[in-house]
Structure formats: C-alpha cells, structure tokens
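First up is the structure itself, then whatever we jot down about it.
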Amino acid sequence: MTIYQGKGTKKFTGGKLRRNHSKRRYELGREPSLTRIGDTERRSLRTLGGNRKLILLKELYANVYNPDDKTTKKLKILTVKENQADPHYVQRNIMNKGTIISTDLGNAKITSRPGQNGIINAVIIK
C-alpha cells in the first residue's frame with residue numbers, strides 16, 4: 001500500500017472535489033523509518049533530483065554536545081526516556097527529533113532527524 005500525500009478528493013463540507021490531474025510520482029510518501037536502539041543499520045534512498053538520503057534504522061551511539069564545557073562526545077544510548085511524537089514510542093525505544101534519551105552523562109534531547117539525516121545528534125539537558 002502506497003502513502004499518498006497529494007490533495008484529498010473531498011471538500012470540508014463533504015462534497016466532491018474534481019481532480020485537476022491524476023496522481024503524480026512526486027506526491028507519493030514513504031513509510032516512517034522508526035529508528036531503534038541496536039547495532040548500526042542504515043539504508044540509502046534515492047530522492048528527487050537523483051540525490052541520496054540516508055535512513056537510520058538502528059543506532060547504538062549518539063553524538064552528544066555538552067553546553068557547559070562546549071564539548072561533543074560519542075556516547076552509548078541506554079534507553080528512550082520520553083517522546084512527544086507518540087507515548088508508545090518510549091516502550092518500543094523508537095527515536096526521532098525531540099526524543100529524550102538516557103546516556104552515561106545524563107539525559108539528552110535529540111536535535112537531528114535520524115530518519116532523514118542518518119545520524120543522531122543530541123544536547124545534554126539539565
């Protein structure tokens with residue numbers, strides 16, 4: 001089943017909308033990557049214009065920035081503490097932007113988009 005991101009076929013009143021054109025390939029979406037904790041696993045995807053996008057499926061480490069001493073360290077991700085996107089993602093250890101993870105130095109908030117960038121960057125929170 002494909003994910004379609006184009007316009008719908010109904011008006012907000014419930015009436016039908018007439019299509020100006022048929023479905024286009026650039027209107028297709030894709031399944032979410034749902035990045036988890038585990039040994040590193042990435043996938044490369046061709047995007048519009050022939051560009052490449054790295055999708056992170058599993059990752060064990062994060063680049064964590066400490067604003068106090070202005071250093072960045074590669075730390076192991078212990079578990080997912082909080083996820084505002086979906087509360088059930090915490091139980092399944094799924095990470096995306098804004099997720100709060102637990103590391104050796106304390107809790108950190110993910111600032112990158114793992115499903116789009118292919119890397120996990122985070123900042124320590126107090």
Side-chain angles (χ1 to χ4, degrees):
M1 183 82 186
T2 353
I3 296 175
Y4 178 63
Q5 292 182 333
K7 268 193 154 185
T9 57
K10 289 196 172 192
K11 297 180 187 179
F12 71 94
T13 58
K16 275 192 172 180
L17 272 176
R18 302 188 91 187
R19 286 197 175 274
N20 295 330
H21 60 77
S22 60
K23 293 180 181 179
R24 305 285 199 238
R25 186 165 185 247
Y26 60 79
E27 294 172 338
L28 291 179
R30 63 178 170 84
E31 297 288 329
S33 61
L34 302 179
T35 306
R36 297 167 182 254
I37 299 173
D39 292 332
T40 304
E41 194 177 322
R42 285 186 181 90
R43 192 170 32 150
S44 182
L45 184 76
R46 184 191 184 274
T47 59
L48 201 64
N51 298 312
R52 307 303 292 176
K53 183 181 283 189
L54 278 177
I55 297 171
L56 191 63
L57 300 173
K58 290 182 183 177
E59 185 58 78
L60 200 57
Y61 295 95
N63 302 320
V64 180
Y65 174 73
N66 189 349
D68 293 337
D69 55 359
K70 296 185 171 80
T71 57
T72 304
K73 293 179 183 173
K74 185 176 179 180
L75 298 174
K76 189 172 185 178
I77 301 169
L78 303 175
T79 185
V80 173
K81 287 282 189 182
E82 187 182 332
N83 195 327
Q84 291 182 351
D86 191 344
H88 299 295
Y89 282 1
V90 177
Q91 298 166 344
R92 297 163 60 194
N93 279 336
I94 293 175
M95 299 173 284
N96 51 17
K97 185 173 179 175
T99 301
I100 296 174
I101 56 174
S102 176
T103 63
D104 298 331
L105 288 181
N107 292 345
K109 187 173 186 177
I110 296 178
T111 57
S112 61
R113 298 173 72 192
Q116 308 280 331
N117 303 340
I119 195 164
I120 296 179
N121 296 325
V123 176
I124 294 227
I125 55 174
K126 294 166 176 92

Which residues pass the side chain to side chain donor-acceptor pair (under 3.5 Å) test with N121, sequence neighbours left out? N63

Going by side-chain contact (heavy atoms from CB on, under 4.5 Å), name the residues that satisfy it together with A108, two or more places apart in sequence or in a different chain. V64, I101, A122

Under the 4.5 Å side-chain heavy-atom rule for ILVMFWY, direct or indirect, which residues accompany L54? none

Return the OH to CD1 distance between Y61 and I119, rounded to the nearest 0.5 Å. 14.5 Å

Evaluate whether atom CG of N51 has more than 12 neighbouring non-hydrogen atoms of other residues, nucleotides or ligands under 6.0 angstrom away. yes

Is R43 atom CZ crowded by more than 12 heavy atoms from other residues, nucleotides or ligands, each under 6.0 Å away? no

Side-chain heavy atoms nearer than 4.5 Å, only ILVMFWY residues, links allowed to pass through others: does that put L75 and I37 together? no

Rounded to the nearest 0.5 angstrom, the NZ-CG distance for K76 and L60 is 5.0 Å

In chain order, what residues pass the side-chain contact (heavy atoms from CB on, under 4.5 Å) check against N83, with sequence neighbours excluded? A85, Y89, V90, N96, T99

Under the salt bridge (Lys or Arg N to Asp or Glu O under 4.0 Å) definition, can you give me all pairs with a residue in residues 13-23, not counting sequence neighbours? none

In Å, rounded to the nearest 0.5 Å, how long is the span from CG of L34 to NZ of K58? 12.5 Å

Here the gap from Q91 atom CD to D86 atom CG, rounded to the nearest 0.5 Å, amounts to 9.0 Å

Co-members of L45 in a cluster of I, L, V, M, F, W and Y side chains, linked at under 4.5 Å: I55, L57

Quick one: list whatever passes side chain to side chain donor-acceptor pair (under 3.5 Å) with Q84, sequence neighbours left out. none

Pairs in or reaching into residues 94-109: which pass salt bridge (Lys or Arg N to Asp or Glu O under 4.0 Å), with residues at least two apart or in two chains? none

Can you sort out the partners of Q116 under side chain to side chain donor-acceptor pair (under 3.5 Å), two or more places apart, ordered by chain and number? K53

Heavy-atom count check: over 12 atoms from other residues, nucleotides or ligands less than 6.0 Å from L48 CG? no

Taken to the nearest 0.5 Å, the spacing of I120 CD1 from I77 CD1 works out to 4.0 Å

Salt bridge (Lys or Arg N to Asp or Glu O under 4.0 Å) pairs, two or more places apart, involving residues 59-71: R42-E59, D68-K126

Listed partners of S22 passing side chain to side chain donor-acceptor pair (under 3.5 Å), at least two apart: R24

Residues clustering with V123 (ILVMFWY side chains joined when closer than 4.5 Å, directly or via others): Y65

What distance do T79 atom OG1 and M95 atom CE have between them, rounded to the nearest 0.5 Å? 9.5 Å

